[in-house]
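See below for the structure under consideration.
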Amino acid sequence: MKILLKKGIATGMVVAATGALLAITSYTDTHRILEIEGTSPAAMSTSLIAVGEDMEARVEAQEVAIVINKINTVTLASYDELQEARELYEGASEGARAYIDETQLLEAEQLYADLENKREGLLAEAQEKNDIYGVLEYAPCNIQNSGNEYLDTLVQEFIQKATTPDMSRSEQLKACYDYMVWNYDYDYNYNYDYSSGKKSIAWATAFLRDGYGACNNWSSAFMYVARALGYEVDLYYGSTATSRNGNVEHYWPVIRIDGTEYVFDPQVEGDITRRTGVISNKRFGLTGSIVNEKYFFSQIVQ
């Protein structure tokens with residue numbers, strides 16, 4: 001395996017693991033041809049049992065390989081995938097592990113550890129430069145689902161439509177933000193219920209399902225998309241400044257990275273984009289005094 005650093009304005013450290021993570025020992029038939037004549041029924045039964053057990057071990061090893069081979073690139077978002085691979089390996093039978101080459105899995109885990117060790121320094125450097133894309137790329141990664149199966153399916157479908165596999169983590173978040181701005185509409189959406197127990201789940205589900213909503217819908221949906229990409233995000237409620245020097249009730253998502261809050265407001269960005277015809281990123285990753293001027297926090301909404 002070798003390390004490749006991805007370059008560009010939204011650069012992220014992407015570690016490409018060449019070759020398969022798991023090598024299953026080539027299947028070679030090592031069993032003897034059973035001698036029918038002169039072999040007792042008991043001996044034949046024992047031999048057949050051994051053959052069956054060996055085949056089961058090989059099938060189990062192959063199933064482990066299918067899951068682990070999905071990891072062809074190691075990034076900061078690879079923690080859950082590597083954990084799953086490790087758990088599968090450790091939980092495999094002794095017979096199955098005999099056909100698994102653990103070396104490549106260990107190498108992938110080491111690449112991830114090296115990347116994580118470098119992450120904090122790279123994050124600090126990006127913060128000093130006020131590089132929002134660098135900050136997003138090197139932020140801690142903790143992928144979270146909503147716990148609602150239908151919403152989680154909608155979120156994954158949205159991410160697949162908005163992103164491509166070669167994108168870095170920060171590029172994925174930006175692509176999701178832009179896709180939402182361009183492809184979803186503003187309107188009041190009351191097509192939901194609160195059976196999930198969380199307002200944000202109901203609002204996000206209606207938005208991603210129907211393609212439109214108000215600020216509560218937009219912000220809830222973006223929060224769950226960002227969480228699925230590994231960011232620490234909450235839904236804030238309060239008010240925001242208007243162009244006429246007033247305030248209006250508002251919901252907006254906030255990503256917290258290393259103690260700093262960054263405002264992402266795709267709904268307002270959508271309003272600006274409809275007026276100008278271009279995405280100006282005026283509500284992408286805001287922090288500091290500009291947030292204090294435009295957003296007035298009241299509470300976090302579940």
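The chain is numbered in sequence order, starting from 1.
- Using a 3.5 Å distance cut-off with no hydrogens or angles, the side chains of D271 and Q267 do pair a donor with an acceptor.
- Defined by atom type and a distance below 3.5 Å, a donor-acceptor pair is present between the side-chain atoms of E261 and Y236.
- Here the CZ-NZ distance, from F296 to K294, works out to 9.5 Å after rounding to the nearest 0.5 Å.
- Taking the charged nitrogens against the carboxylate oxygens, D114 and K118 have no contact shorter than 4.0 Å, which rules out a salt bridge.
- Side-chain contact between Y138 and E125 is absent, with no heavy atoms from C-beta onward closer than 4.5 Å.
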**Request:** Take L82 and R86 through the test side chain to side chain contact (heavy atoms under 4.5 Å, CB included) and record every step on the way to the result.
**Result:** CA-CA 6 Å; L82 291 171; R86 172 53 58 189; over 6 Å; no
**Message:** Using the rule given for side chain to side chain donor-acceptor pair (under 3.5 Å), can you reason through N189 versus N217, listing the C-alpha separation, both sets of side-chain angles and the distance that settles it, and then say yes or no?
**Reply:** CA-CA 8 Å; N189 188 333; N217 303 102; 5.4 Å; no
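- Between Y190 and Y192, the angle of the ring planes lies from 30° to 60°, which puts this pair in the tilted group.
- Between the CG atom in L229 and the OH atom in Y224 there is a gap of 15.0 Å [rounded to 0.5 Å].
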**Request:** Let me see the working for Y79 and E116 under side chain to side chain contact (heavy atoms under 4.5 Å, CB included), right down to the final yes or no.
**Result:** CA-CA 10 Å; Y79 178 79; E116 179 61 29; over 6 Å; no
**Message:** Between D193 and S195, does the side chain to side chain donor-acceptor pair (under 3.5 Å) criterion hold? Intermediate values first, please.
**Reply:** CA-CA 6 Å; D193 62 63; S195 60; 2.6 Å; yes
**Message:** Show, in sequence, the C-alpha distance, side-chain angles and deciding distance for E249 and Y237, and conclude whether the side chain to side chain donor-acceptor pair (under 3.5 Å) test is met.
**Reply:** CA-CA 8 Å; E249 181 183 22; Y237 168 75; 2.6 Å; yes
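- Ring centroids of F297 and Y295 are separated by 6.0 Å or more, keeping the two rings apart.
- Remark: K174 qualifies as a cation-pi partner of F284 under the 6.0 Å distance and 45° angle criteria applied to the six-membered ring.
- By the 4.5 Å heavy-atom criterion applied to side chains, Y179 and V225 are not counted as neighbours.
- For the 3.5 Å distance criterion, the side chains of S93 and E60 qualify, holding a donor opposite an acceptor.
- Ring geometry for W218 versus F207: interplanar angle of 30 to 60°, hence tilted.
- In summary, R97 and E94 do not engage in a salt bridge, as defined by a charged side-chain N under 4.0 Å from a carboxylate O.
- A donor and an acceptor atom, one from each side chain of S146 and N148, are nowhere located under 3.5 Å apart.
- In this structure, V291 and W252 have side chains that are not in contact, with every pair of non-hydrogen atoms separated by 4.5 Å or more.
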